Engineer: 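Following this message is one structure expressed as structure tokens.
Remember, predicted model here, so these are calculated numbers, not experimental data.
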Amino acid sequence: MDTSYPREDEWPPKRRPPSAASPPRDHLVWAIFNTLYMNFCCLGFVALAFAVKARDRKVSGDVEAARHFSSKARCYNALATAGSVVLPLLLIALVVTGVIHLSKLAQESVGFFTYQFSGSDDEDQ
């Protein structure tokens, strides 16, 4: 008695590389997001400009120029996203380490800044 799952005779189709006729992506939504929310050193705006150029070239039928501008838009979008994620994390890490260092420094210098009164002053009598 065979209790295994039913097997299909057909294998799943293999992924094919995109054909030359497929239009390139213009990354316009990603560029708009980077421009509005995470505009690091105006890279989001530059990415938006290249994304609009890519879309214009795609509409006009110039696929090679659209691929070129699409590639540039993708690079600037990736840089803007990476910079907008990494720099705040780096700033938070620097603030936390600075606070830890200052608290240790303050604890070590408490003895230096406190004046202790003692009951036996032989020099004053």
Engineer: Out of curiosity, C75 SG to L43 CG, how far, rounded to the nearest 0.5 Å?
Structural biologist: 11.5 Å
Engineer: Keeping T35 on the side-chain end and G44 on the backbone end, is there a donor-acceptor pair under 3.5 Å?
Structural biologist: yes
Engineer: Can you name the closest pair of heavy atoms from A73 and A51 and give their distance?
Structural biologist: CB-N, 3.7 Å
Engineer: Quick check: closest heavy atoms across P24 and A66, and the distance to 0.1 Å?
Structural biologist: CG-CB, 3.6 Å
Engineer: For atom OH of Y76, is the number of surrounding heavy atoms from other residues, nucleotides or ligands below 6.0 Å larger than 12?
Structural biologist: no
Engineer: Only one of R57, K58, R67 forms a side-chain contact (heavy atoms from CB on, under 4.5 Å) with P23, so which one is it?
Structural biologist: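 Running side-chain contact (heavy atoms from CB on, under 4.5 Å) over R57, K58, R67 with P23 returns exactly one hit, K58.
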Engineer: Could you give the distance from CZ (F33) to CG (L28), rounded to the nearest 0.5 Å?
Structural biologist: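 So the CZ of F33 and the CG of L28 are separated by 14.0 Å.
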Engineer: Output the distance between atom NZ (K53) and atom CG (L48), rounded to the nearest 0.5 Å.
Structural biologist: 11.5 Å
Engineer: Main chain of H68, side chain of S71: is a donor-acceptor contact present, judged purely on distance under 3.5 Å?
Structural biologist: no
Engineer: Going hydrophobic residue to hydrophobic residue with side-chain gaps under 4.5 angstrom, can you get from Y37 over to I32?
Structural biologist: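 Yes; tracing contacts between hydrophobic side chains, which count when under 4.5 Å, links both residues.
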Engineer: Taking the side chain as every heavy atom from C-beta outward, state whether W30 and R74 have any atom pair closer than 4.5 Å.
Structural biologist: yes
Engineer: Taking the side chain from N34 and the backbone from N77, do they hold a donor-acceptor pair closer than 3.5 Å?
Structural biologist: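 Side chain of N34 to backbone of N77: a pair is present.
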Engineer: Out of curiosity, L87 CG to L94 CG, how far, rounded to the nearest 0.5 Å?
Structural biologist: 10.5 Å
Engineer: Rounded to the nearest 0.5 Å, how far apart are OG of S70 and CZ of F50?
Structural biologist: 11.5 Å
